[in-house]
Amino acid sequence: MSKFPKGFLWGGATAANQFEGGYDADGKGLSVPDVIMGGTVDKPRFITPAGVKPDTYYPSHEAIDFYHHWKEDIDLFAEMGFKCFRLSVQWSRFFPNGDDEEPLQAGIDFYKNIFIHCKECGIEPLVTISHYEFPLALSHKYGGWDNPVIIDLWLKFTKLCFTEYKGLVKYWLTFNEINCGTIAGMGSIYGLGILPEEDTPITFGNADWDDPKRRLTGLHNQFVASAKAVLQAHEIDPENKVGCMIAGAAN
């Protein structure tokens, strides 16, 4: 029977906007998923781009509440024998509006405590920096990733991550499924932070409000940002290993 090689990282993966909850805890700003309603196989999800509507169910707001139960969740993860935990961080937990001058210490500490505990449990964290969690305020102010001003704002965020978590995290992914932006509707919303003007069902293609030129520009800007972040990561810590997720496969 063949065996995994020594040092093979066996584990599981999560996305912050899907499981953290605590959507407005400790100063966190709204991310795009925080204004995406629940749906079913028969009823599409709607996005309410203007903001959170009262008495409306938004799955990201509570999720499994990892934000308040992270320690016992990681302990259970370790009990299963996993040696790697792929998770993502939320831009708006550090910079509520995406372009704030100073980061929130609560956001820095939240993830730092997670990474420290992972190490204590013999688990290697693998961190995705951008996993469908674009700050809503940046969509309103700049329109999304098709605006090149986002590149430097994002690099400020990545620099903070590489600096604050040096020695705790060495495996990084810049973007989750960066090619998501090729999909009209869903791709613009989740991947690029480009939103419709009014409440709209989220489709996988055939979105009459979605401009393909904006998507292509947004993808170009993300690839530029990703390349610059790789250089940034290696400058801050030569031990960093950095990749990008494409269509579910790390490359």
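All values derive from a computational prediction rather than experimental measurement.
Considering only heavy atoms from C-beta on, Ile47 stays 4.5 Å or farther from Met37 through its side chain. Taking 4.5 Å as the limit, some side-chain heavy atom of Ile150 sits within range of a side-chain heavy atom of Leu138. No side-chain heavy atom of Leu30 sits under 4.5 Å from any side-chain heavy atom of Ser92. The closest side-chain heavy-atom distance from Ile36 to Ile189 is below 4.5 Å. Side-chain contact between Val35 and Leu136 is present, with heavy atoms from C-beta onward closer than 4.5 Å. A heavy-atom distance below 4.5 Å is found between the side chains of Lys112 and Leu168. Residues Val127 and Leu173 fail the side-chain proximity criterion, which asks for heavy atoms closer than 4.5 Å. Residues Ile108 and Phe94 have side chains in contact (heavy-atom distance under 4.5 Å, counting atoms from C-beta outward).
Sorted by first and then second residue, the pairs that involve residues 161-180 and meet ring-ring contact (aromatic ring centres under 6.0 Å, His included), not counting sequence neighbours, are Phe115-Tyr165, Trp145-Phe175, Trp154-Phe175, Phe162-Trp172. Note on residues 183-198: pairs passing side chain to side chain donor-acceptor pair (under 3.5 Å), not counting sequence neighbours, are Arg45-Tyr190, Ser188-Asp210. Sorted pairs that involve residues 200-237 and meet ring-ring contact (aromatic ring centres under 6.0 Å, His included), not counting sequence neighbours, are lacking altogether.
Scanning for side-chain contact (heavy atoms from CB on, under 4.5 Å) contacts around Pro148 gives Asn221, with sequence neighbours left out. Scored by the side-chain hydrogen bond (donor to acceptor under 3.5 Å, both in side chains) test, Asn17 finds no partners at all (sequence neighbours excluded). The side-chain contact (heavy atoms from CB on, under 4.5 Å) search around Phe110 returns Glu20, Phe66, Tyr67, Trp70, Arg93, Ile114, not counting sequence neighbours. For Asp199, the side-chain hydrogen bond (donor to acceptor under 3.5 Å, both in side chains) partners two or more places apart in sequence, or in a different chain, are Lys53. With sequence neighbours left out, the side-chain contact (heavy atoms from CB on, under 4.5 Å) criterion links Asp75 to Lys71, His117, Cys121. Asn113 pairs by the side-chain hydrogen bond (donor to acceptor under 3.5 Å, both in side chains) definition with nothing, not counting sequence neighbours. Qualifying side-chain contact (heavy atoms from CB on, under 4.5 Å) partners for Ser139, counting only residues two or more places apart in sequence or in other chains: Val32, Phe134, Leu195. Residues meeting the side-chain hydrogen bond (donor to acceptor under 3.5 Å, both in side chains) test with Lys141, sequence neighbours left out: Asp99.
Side-chain atoms of Tyr23 and Ser31 form no donor-acceptor pair, as typed in the model, at a separation below 3.5 Å. Looking only at atom types and distance, the side chain of Tyr111 has no donor-acceptor partner in the side chain of Glu164 under 3.5 Å away.
Summarising the geometry, atom OG belonging to Ser226 is positioned 8.5 Å from atom CD1 belonging to Ile129; distances are rounded to the nearest 0.5 Å. Between the CD1 atom of Ile123 and the CG atom of Leu9 there is a distance of 11.5 Å, given to the nearest 0.5 Å. Taking NE2 from His69 and CG from Leu76, the interatomic distance works out to 12.0 Å, rounded to the nearest 0.5 Å. Taking OH from Tyr57 and CD from Glu62, the interatomic distance works out to 8.0 Å, rounded to the nearest 0.5 Å. The CG atom of Asn240 lies 4.5 Å from the CG atom of Asp237; values are rounded to the nearest 0.5 Å.
Between the side chain of Glu133 and the backbone N or O of Pro33, no donor-acceptor pair lies under 3.5 Å.
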### Message
Pair Cys180, Tyr132 - check side chain to side chain contact (heavy atoms under 4.5 Å, CB included), show working.
### Response
CA-CA 10 Å; Cys180 170; Tyr132 306 160; 3.6 Å; yes
### Check against side chain to side chain contact (heavy atoms under 4.5 Å, CB included), Leu104 and Lys28
CA-CA 8 Å; Leu104 290 173; Lys28 178 187 171 296; 5.5 Å; no
### Task
Dump the intermediate steps for side chain to side chain contact (heavy atoms under 4.5 Å, CB included) on Ile74 and Cys118, then the final yes or no.
CA-CA 7 Å; Ile74 292 172; Cys118 280; 4.1 Å; yes
### Task
Could you check Gln232 against Thr158 for side chain to side chain donor-acceptor pair (under 3.5 Å), going step by step and ending with a plain yes or no?
CA-CA 8 Å; Gln232 190 184 65; Thr158 59; 2.5 Å; yes
### Query
Could you go step by step and tell me if Lys119 and Glu124 meet the side chain to side chain contact (heavy atoms under 4.5 Å, CB included) rule?
CA-CA 6 Å; Lys119 294 290 189 179; Glu124 192 74 51; 3.0 Å; yes
Going by atom type alone, with no hydrogens or angles, which donor-acceptor pairs under 3.5 Å involve a side-chain atom of residues 78-87 and a protein atom two or more places apart or on another chain?
residue : atom : partner : partner atom : Å
Arg86   : NE   : Thr128  : OG1          : 2.9
Arg86   : NH2  : Thr128  : OG1          : 3.1
Arg86   : NH2  : Asn176  : OD1          : 2.9

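Taking all atoms of both residues into account, the shortest heavy-atom contact from Ala106 to Asp26 is CB-CB, 3.8 Å.
Counting heavy atoms of neighbouring residues, nucleotides and ligands inside a 6.0 Å radius, atom NZ of Lys156 exceeds 12 of them.
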